[in-house]
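Scroll down for the structure; my scribbles are underneath it.
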Amino acid sequence: MSDDRSATDRGVLYATTPIFYVNAEPHIGHAYTTILVDVATRYRRLAGDDVYFLTGTDEHGENIQKAADAAGTSPQEYTDRVAGAFRAAWDRLGIGYDAFIRTTEERHKKVVREVLQRVYDQGDIVYGEYGGLYCVRCERYYTEKELTEDGLCPQHEIAPEYRSEANYFFRMEKYRPWLRERLETNPDLIRPAGYRSEVLSMLKEPIGDLSISRPRSRVPWGIPLPWDEDHVTYVWFDALINYYSAVASEGLEDRYWPHVEHFIAKDIVKPHGVFWPTMLKAAGIPLFQHLNVHGYWLVEDRKMSKSLGNVVRPLELAERYGNDAFRYFLLRDMTFGLDASFHEVGLVDRVNADLANDLGNLLNRTLGMLGKYRDGRVPPFGPDVAGAGALRDRFLDLPDRVVEQVARLQFDRAVAGTMDAVRAANKFVSESEPWSLAKDPEAAGRLDTVLRTCLEALRCASVLLDPVMPAKMAELRHQLGMPGTAPTLDDAKRWDGLAEGSATRKGDPLFPRIDRAALEAAIEVEAPAESEDEAGGAAPVAFEPKPEIDIETFAACDLRVGTVTACEAHPKADRLLVLTVQVGTETRTIVSGIRAHYDPEELVGRTVVVVANLKPVKLRGIESQGMVLSAEGPDGRLSLLSLDRAAPPGSEVR
RNA sequence: GGCGAUGUAGCUCAGCUGGUUAGAGCGCACGACUCAUAAUCGUGAGGUCCGGGGUUCAAGUCCCCGCAUCGCUACCA
């Protein structure tokens with residue numbers, strides 16, 4: 001256990017998941033974070049700690065509004081529905097959260113406004129007019145240091161202008177030195193260490209100030225700024241503050257805030273590792289204890305994406321294989337902080353080997369013999385049997401180790417260690433051969449010892465695995481004849497937890513084996529079907545049309561058919577390709593940001609659509625004389641426009 | 001381009017502050033057993049620890065260079 005969480009906060013835990021943006025159904029990433037926190041909190045509860053587990057939904061913003069419009073409903077109705085879907089999903093996955101916060105709740109809005117006002121009053125929120133020098137071409141602000149000696153934009157060598165955008169900015173840059181210092185002196189504030197380094201490297205250069213508002217006229221679906229009702233907060237002050245508002249609004253601030261642990265996936269390290277601590281500092285609220293960052297589940301070794309058709313639906317898996325088995329797999333097969341690969345066959349193998357063969361079968365064989373030899377009743381310990389004491393010691397050593405591993409976020413090891421002990425129990429059965437003892441009347445006492453030892457091993461295992469598989473472990477204890485009361489960690493520290501003479505209740509196998517061959521066959525069948533629709537099946541995108549233009553304005557764009565005659569990677573930019581395009585009689589050099597989507601070779605000879613009268617611009621040293629058109633797919637994947645009938649290079653497009 | 005992470009048996013991964021013949025599970029081969037969910041237990045095959053240098057008595061573990069994959073970041077007319 002790390003030093004900084006010793007005296008003050010031992011015994012109390014406030015754990016959070018991110019609040020999820022309600023524009024999509026929960027996927028395995030959402031589910032993993034939430035299950036992880038569920039397991040972590042259950043372990044701490046098992047140890048007798050005072051625990052508060054928060055999750056929720058992020059419901060404001062333009063996208064929600066658009067999605068609601070597209071669905072033909074109001075934002076409120078829309079978010080009610082989706083937030084309800086998230087809650088239902090978590091319920092089905094056995095998530096025992098204590099509180100569910102929605103950013104549209106009054107209690108949240110009130111706290112957000114209070115915090116905003118406080119930060120504003122002390123001068124850390126400023127109007128965008130003070131934002132600075134803005135290069136129109138770059139569409140970004142520059143600090144004076146970044147500009148050339150003459151005060152020009154380094155990219156375009158034009159004079160930047162003072163931009164008076166109607167936004168408010170949080171003066172985040174001001175807190176950068178403080179945050180660096182804090183991370184230096186508090187090395188495990190962000191963990192594992194790799195993510196701390198990442199944040200530190202972000203802080204080496206200016207982080208700028210953070211835009212935190214949008215005009216209410218454009219985005220009415222948000223929380224109005226308390227001092228300027230014409231603006232609403234944008235994302236950060238709204239969403240991040242949920243962690244604080246959830247307890248502050250319930251009078252639980254003193255009890256839980258000093259013990260807050262955030263759990264997130266690595267994609268949101270920046271807002272949580274940079275924005276959030278500086279916001280807290282500015283608001284005079286103490287920092288979180290740790291920011292705990294986990295990796296991604298890579299599906300078929302690629303990042304999960306809708307366009308690849310490899311989205312893993314947690315509810316389907318839980319349904320198919322059992323929720324507890326699914327949870328076990330997630331916790332067992334990912335090392336905290338690192339990415340892990342998800343293969344459905346791997347899940348099945350894991351569940352069969354560990355849960356069906358080792359744990360489930362140990363229960364089944366033990367209760368089977370108990371029924372046969374002892375009428376299903378719990379025997380006393382008899383004379384010593386070789387290996388019984390060692391097995392007992394092995395189990396009784398586990399609780400302290402597990403608690404420590406959980407504190408270090410080593411859930412995989414905590415679970416593996418317990419399963420190793422279960423394996424040792426199976427070995428003990430083989431070596432002590434109770435079926436042979438049963439044939440020898442003089443060995444009755446030793447048979448008692450063997451059976452009782454197995455029963456106690458199972459009972460202890462059920463306690464140590466209870467946070468991961470609450471339903472199945474309760475069922476296990478039920479089969480052992482125990483009452484349905486919730487276990488405590490102390491139950492795993494004793495070897496006499498069963499009542500002598502009590503009746504066991506052998507039932508169906510706890511974890512039925514999953515037919516792996518059938519699964520493989522099913523995958524065979526599914527595989528070809530997936531490749532058919534690249535984009536055709538993608539959901540329509542809600543959008544807000546740009547301001548109307550007339551035909552003359554459109555005609556001002558000179559769009560032309562072109563043929564790519566050569567193409568190579570830009571020598572000084574990772575994301576750019578340099579195309580040579582034949583447009584009519586002219587040959588143009590066009591720089592385009594499509595390198596991540598197309599190989600240079602595959603473009604040679606292709607027909608493209610070119611904006612021919614764009615003002616040329618130098619991109620990383622190469623002049624681009626135009627632009628090629630492409631469309632963006634659901635996953636940011638670009639698709640170049642081409643023609644479905646031949647038209648010679650230079651033909652006008654209209 | 002900058003920063004960071006990862007690269008260990010067919011597969012999924014452990015290997016903490018450098019120290020005996022490099023580990024686990026799955027899969028595979030052979031054997032044992034029969035209480036059990038075609039389960040369990042044992043034995044075995046299988047590795048240039050990404051490549052190349054270096055530091056050290058000693059390196060998978062530290063340093064340098066490179067390769068590959070991933071992430072963040074700049075460029076995305």
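Order of the sequence lines fixes the chain letters, A, B, ..., with proteins taken first and strands second; residue numbering starts at 1 for each chain. It should be emphasised that the depicted structure is a prediction, and the values quoted were computed from it without experimental measurement.
One finds no side-chain N or O of A/Ser430 lying less than 4.0 angstrom from the OP1 or OP2 phosphate oxygen of B/rA32. Phosphate proximity of B/rA14 to A/Thr335: present, with a side-chain N or O under 4.0 Å from OP1 or OP2. Put simply, A/Asn357 has no side-chain N or O that comes within less than 4.0 Å of OP1 or OP2 on B/rU37. Between A/Lys372 and B/rA36, a side-chain N or O to OP1/OP2 separation shorter than 4.0 Å is present. The phosphate of B/rU40 has neither OP1 nor OP2 within less than 4.0 Å of any side-chain N or O from A/Lys427.
Atom C1' of B/rG51 sits at a distance of 24 Å from the matching atom of B/rU12, rounded to the whole Å. To the nearest whole angstrom, the two C1' atoms, one in B/rA9 and one in B/rU48, are 13 Å apart. As rounded to the nearest Å, B/rG15 and B/rG47 have C1' atoms that lie 15 Å from one another. Between B/rG19 and B/rU37, the distance separating the two P atoms is 46 Å to the nearest Å. Atom name C1', nucleotides B/rG53 and B/rG46: the rounded distance is 30 Å, in whole Å. Nucleotides B/rG44 and B/rA59 are separated by 29 Å at their C1' atoms, to the nearest Å. The same atom, P, is picked in B/rA22 and in B/rC49; the two are 11 Å apart, to the nearest Å. The same atom, P, is picked in B/rA45 and in B/rA29; the two are 16 Å apart, to the nearest Å.
Residue A/Asp508 places its CG atom among 12 or fewer non-hydrogen atoms of other residues, nucleotides or ligands, all under 6.0 Å distant. The number of heavy-atom neighbours closer than 6.0 Å to CD of A/Glu442, taken from other residues, nucleotides and ligands shown, is 12 or below.
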Take A/Leu200 and A/Glu184 through the side chain to side chain contact (heavy atoms under 4.5 Å, CB included) test and state the conclusion after the steps. CA-CA 9 Å; A/Leu200 274 171; A/Glu184 298 289 355; 3.9 Å; yes

Walk me through it: do A/Arg560 and A/Asn613 pass the test side-chain hydrogen bond (donor to acceptor under 3.5 Å, both in side chains)? CA-CA 9 Å; A/Arg560 298 282 169 171; A/Asn613 61 340; over 6 Å; no

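Within a heavy-atom distance below 4.0 Å of RNA chain B, the residues of residues 410-424 of chain A found are A/Arg413, A/Arg423.
Nucleic acid contact class of A/Gly194 (heavy atoms, under 4.0 Å, all strands): sugar-phosphate only.
Counting only residues at least two apart or on different chains, no side chain to side chain donor-acceptor pair (under 3.5 Å) pair has a member in residues 193-202 of chain A.
In this structure, A/Ala340 and A/Asp333 approach most closely via the heavy-atom pair CB-O, 3.7 Å.
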